[in-house]
Number of protein chains: 2
Amino acid sequence: MAESNTPDGAWNYCSNSALKRASRQLGKLYEDVLAPSGLKITQYTLLTQIKLGRETPLKILAEAMVMDLSALGHTLKPLQRDGLVELVADEHDRRVKRVRLTEKGNQLWSDTNGLWREAQARFDAAFGKEASENLRRTMDLIASPGFAAAFSGARQNQD
Amino acid sequence: MAESNTPDGAWNYCSNSALKRASRQLGKLYEDVLAPSGLKITQYTLLTQIKLGRETPLKILAEAMVMDLSALGHTLKPLQRDGLVELVADEHDRRVKRVRLTEKGNQLWSDTNGLWREAQARFDAAFGKEASENLRRTMDLIASPGFAAAFSGARQNQD
DNA sequence: GAAATTTACTGGTATATGCCACTATATTTA
DNA sequence: TAAATATAGTGGCATATACCAGTAAATTTC
């Protein structure tokens, strides 16, 4: 046992990296619970969001996911390939494509829903149900356009 | 203006996806501030963590970053390619590799530090300094091994 | 209404990240 | 100590995610 270089010492003064670390760990925890379904947690989230909207345009879906439009397009690829979602052209605006679940996608979503509930329940149990709600609210705040505006407006140095 | 399918309606009942959305947005905000340096925020975080440790073994670094060892290896590639970090073999255990900043890496880190401070200051201004500290503490909790254990132990259904 | 501009999406490229299989070393067992 | 096992990394493959440069279709200008 030489000199332990071991930083448990994560550099935790950066709010961004703190969020990233937590996000990686939490993602993995949910992922493990969802594993039997074959869906990644991000994919399940995407399917849920698609299911909730009625054939949401990609643009709108990307906004709801707080995700770049092109990133969304790429992320949908495996789901399309596996026949879980499909794109339909908008009737009135030919630039727009709308996404929807296929029969198979709906089925898999239903089959996976219980696993998600299990994961969420575990999180609430470990973190506290009320704290969990507060956390989601806080995260929603940070993810909001208003917060981005406040951040960008908050010049700390002159310009 | 047809029927607005527009879900501002992000599905925000999942703690994981709430965290992911916030993480994406915040990442982008910091990223924009760091842009002039040419470093991504993740890379800056990594350089900082490497700088703080004294030639930390990859394994330990991965743990501090709450990141998979192989993922860390991949993420280091661009930094090695650009001559910012280098790996050195451990003297006593030939399996171990330690990471350190190069001269160039140290220089770039210093040059970028001010940008990070600016980003962090903007976050604190928009979110509140105290809230910011609390948030980091909360994120550290979620990222901790103890939390993972609690989550995994918290079986909600029988096994 | 033709030209300029904006909008929605696609494809290429690059980083971020995880899992698995494999290799090289250590460490532990028998 | 030879065999079994554990540990630290690497490389391949797959998804996640961003930016940029098109492309096509709408909208706005003049």
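Just so it is clear, the structure is predicted and the values come from calculations on it, not from any experiment.
Not counting sequence neighbours, the partners of A:Thr75 by the side-chain contact (heavy atoms from CB on, under 4.5 Å) test are A:Leu46, A:Met67. Judged as a salt bridge (Lys or Arg N to Asp or Glu O under 4.0 Å), and not counting sequence neighbours, the contacts of B:Asp140 are A:Arg21. Every residue meeting the side-chain contact (heavy atoms from CB on, under 4.5 Å) condition with B:Ser37, not counting sequence neighbours, appears here in chain and number order: B:Leu34, B:Leu39, B:Thr112, B:Leu115.
There is a side-chain donor-acceptor pair under 3.5 Å between A:Thr48 and A:Trp109. For the residue pair A:Asp111 and A:Gln107, a side-chain donor N or O sits within less than 3.5 Å of a side-chain acceptor on the partner.
Atoms CG (A:Leu76) and P (C:dA8) sit 17 Å apart, rounded to a whole Å. For the pair A:Asn16 CG and C:dA16 P, the interatomic distance rounds to 12 Å; values are reported in whole Å. The distance between atom CG of A:Asp68 and atom P of C:dG12, rounded to the nearest whole Å, is 16 Å. Rounded to an integer number of Å, the gap from NZ of B:Lys20 to P of D:dA18 is 12 Å.
If you find the closest nucleotide of DNA chain C to B:Leu72 and to B:Arg81, the one lying nearer the 5' end belongs to B:Arg81.
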Would B:Tyr30 and B:Gln120 count as a side chain to side chain contact (heavy atoms under 4.5 Å, CB included) if you check the C-alpha gap in whole Å, the side-chain angles of each, and the deciding distance to 0.1 Å?
CA-CA 8 Å; B:Tyr30 272 68; B:Gln120 181 80 358; 2.5 Å; yes

Do nucleotides 3-12 of chain D as a string where each nucleotide becomes B, S or -: B if the base has a protein heavy atom under 4.0 Å, S if just the sugar-phosphate does, - if no protein is that close.
----BSBSBB

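With axes fitted over five pairs at each extremity, the angle between the ends of the helix from C:dG1-D:dC30 to C:dA30-D:dT1 is 20° (10° resolution).
Summarising the geometry of B:Pro57 relative to B:Arg98, their closest heavy-atom pair is CD-NH1, 3.8 Å, with the distance given to 0.1 Å. Of all heavy-atom pairs between A:Lys104 and A:Asp82, the closest is NZ-O, 2.9 Å. When all heavy atoms are compared, the tightest approach of A:Gln25 to B:Ser144 is NE2-O, 3.5 Å.
Phosphate contact (OP1/OP2 of C:dA8, side-chain N/O of A:Arg94, threshold under 4.0 Å): absent.
Of the residues in residues 23-42 of chain A, those with a non-hydrogen atom less than 4.0 angstrom from any atom of DNA chain C are A:Arg24, A:Lys28.
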